[in-house]
There are 2 protein chains.
Amino acid sequence: MKTEYKILLTEDDENLGMLLREYLEAKGYETDLLPDGEEGYNAFMNKKYDLCIFDVMMPKKDGFTLAKEVRMVNTDIPIIFLTAKSMKEDIVQGFKIGADDYITKPFSMKELLFRIEAILRRTVGSNVAQAAYQLGRYKFDTQKQQLIDEQSDSMVKLTTKESELLKLLCINANKVLERNFALKTIWVDDNYFNARSMDVYITKLRKHLKGEESVAIINVHGKGYKLVM
Amino acid sequence: MKTEYKILLTEDDENLGMLLREYLEAKGYETDLLPDGEEGYNAFMNKKYDLCIFDVMMPKKDGFTLAKEVRMVNTDIPIIFLTAKSMKEDIVQGFKIGADDYITKPFSMKELLFRIEAILRRTVGSNVAQAAYQLGRYKFDTQKQQLIDEQSDSMVKLTTKESELLKLLCINANKVLERNFALKTIWVDDNYFNARSMDVYITKLRKHLKGEESVAIINVHGKGYKLVM
DNA sequence: ATTTGCTGTTAATTATTGTTAAAACATGAT
DNA sequence: ATCATGTTTTAACAATAATTAACAGCAAAT
């Protein structure tokens, strides 16, 4: 099962745009090409993309403005800017907005592809479970279901449910882990009682992690929980 | 508490190496410079680094071999390759090994710095990725949903809604944040009651920020609110 | 000036989450 | 099968967050 990644590309130069789209589609990315920032924004709001590539210089709405608006709705989606070589200042500004990468024109399409792959490997790919997570001073071993305090060199055994929940939180670190999702994956059924059971486990995990200031499980009201670190 | 990031740099050209190390240290990165792959590997095994920068062409052990060995021990650590412009094939190989980025010589040190920052923002994610806004004496951490008063060194926890709204205001600092836009992004639906709810949260935010004269949330009649500072 | 519609603020209501403890359930050892 | 132990769920109540209601104040339009 290999889901196709969806790319939102905005580029006002029609020739370059079409060329890029064709290339990206050939490489297996579903690509939507929009000619300016406004249309790009509309497209973004109407479809779920995995990555954005915005030309900086565009009519109606430039790439940075578009990126800001996109960031308001989605803080995580990777954004790559296409920028003219001379504009060093653009690059600085781009990173401030939260660019994931930038690429200066002219560029080879291969180069762009490498960047895309590298980013997707990190962002989407980071959603893949790992064997162990570092939570500040604690190391969480998902296999052994252990939380090791590397400072005092002590260890706490986690129960199955504790471990499963913490693992889900880790996989979604710094993102919201939706209640329903967690309930369906761990408790199978998402009724009222299971939701309360989950709350109980959140309390337990918070106690386990309270020795590390930089790590916290915060509640996102009505949505779920977020492991921040 | 700002932990210094540790960088492992291998580069056989002594002049370039020293220059880079000097620059990176000036930018606040603790940098160890090793002249070849073998010494680089020894250093890696003896210390905990946050990021690696490997020259591809090195005596004794080239950058790719070194990277492969490092990857066996640590699958996550970001690796940036320094490679000669001509060697397009190098780049392909580099990404196969799992490079996070590559940079072709000659390059500007600023450019390298941007790459480093971008990668650290993503991977370590911890310190830099947390979009934090400075509001006069207050520092607003969007991830942890906290408002830190840096003068009294006290902290106030924000609720999810408070945090979301303040974040939108910050993104649009000194510009009008339109009511409808905020309602649609935070409350999803922009009916009368949600609009009143938003007003209540504006009051709450104003209270939170009243300790700082230079920051204010002003109303733009019929349009929305503007965070001025 | 008066009306209408927006905004400011506080308090009451409702919904969600935090926490603790007891009950129910599971598991392996005797 | 029974017991001892640890895990998970349920229950109960406390605390917090979000919405709604109510009324006061202000801004723009007629």
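Here is the naming used below: chain letters follow the sequence lines, and residue numbers restart at 1 for every chain. Computed from a prediction, not measured in an experiment: that's the story for all the values here. When reading the values below, keep in mind they use all heavy atoms of this one structure, side chains included, and skip hydrogens, waters and symmetry mates.
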Notebook entry, point to check: Looking at F64(A) versus F81(A), is the centre-to-centre ring distance below 6.0 Å?
Noted result: yes
Next item on the list: Please work out if R206(B) contacts a base, only the sugar-phosphate, or nothing of the nucleic acid, heavy-atom cut-off 4.0 Å.
Entry: sugar-phosphate
Check: How close or far is atom C1' of dT7(C) from atom CG of L205(B), stated in whole angstroms?
Finding: 15 Å
Checklist line | Rounded distance (Å) that lies between atom P of dG18(C) and atom CZ of R196(A) | finding: 9 Å
Item checked: Whole-Å gap separating P (dA15(D)) and CG (N219(A)) -> 18 Å
Notebook entry, point to check: Under 4.0 Å between a side-chain N/O of W187(A) and OP1 or OP2 of dT8(D), yes or no?
Noted result: no
Margin query: Does dT20(C) have OP1 or OP2 under 4.0 Å away from a side-chain N or O of K207(A)?
Written below: yes
Notebook entry, point to check: Tell me: CD of E164(B) to P of dA17(D), nearest whole Å?
Noted result: 14 Å
Checklist line | Considering all heavy atoms, the nearest D199(A)-R196(A) contact | finding: OD2-NE, 2.9 Å
Check: Quick one: which of dC6(C), dT7(D), dA18(D) gets closest to the side chain of T159(A)?
Finding: dT7(D)
Checklist line | Nearest-0.5 Å distance that lies between atom CD in Q151(A) and atom OH in Y138(A) | finding: 8.5 Å
Note to self: Using whole Å, what does the distance between atom P of nucleotide dA12(D) and atom OH of Y192(A) come to?
What the structure shows: 10 Å
Notebook entry, point to check: Okay, side chain of R206(B), backbone of I217(B): is any donor-acceptor separation there less than 3.5 Å?
Noted result: yes
Next item on the list: Take atom CG of N194(B) and atom C1' of dT20(D), then tell me their distance rounded to the nearest Å.
Entry: 11 Å
Notebook entry, point to check: Is the distance from OP1 or OP2 of dT19(C) to the nearest side-chain N or O of T203(A) less than 4.0 Å?
Noted result: yes
Item checked: 5' precedence on DNA chain D between E162(A) and K161(B) (nearest-nucleotide basis) -> E162(A)
Item checked: Nearest listed nucleotide, side chain of K204(B), among dG5(C), dT9(C), dA18(D) -> dA18(D)
Check: How long is the line joining CD of Q145(A) and C1' of dT8(D), in whole Å?
Finding: 14 Å
Check: Of the candidate nucleotides dC23(D), dA12(D), dA11(D), which contains the atom at the shortest distance from the side chain of V200(A)?
Finding: dA11(D)
Next item on the list: Under 4.0 Å between any heavy atoms, over every strand shown, what does Y225(A) touch: base, sugar-phosphate, or nothing? Just pick one.
Entry: sugar-phosphate
Check: In terms of the nearest nucleotide of DNA chain D, which residue is placed more toward the 5' end: Y201(B) or F193(B)?
Finding: Y201(B)
Notebook entry, point to check: Are any non-hydrogen side-chain atoms of D32(A) and I7(A) less than 4.5 angstrom apart?
Noted result: no
Notebook entry, point to check: Over how many whole Å does the gap from M198(B) atom CE to dC6(C) atom P extend?
Noted result: 14 Å
Next item on the list: Among the candidates dT17(C), dT9(C), dT19(D), find the nucleotide nearest to the side-chain atoms of S197(B).
Entry: dT19(D)
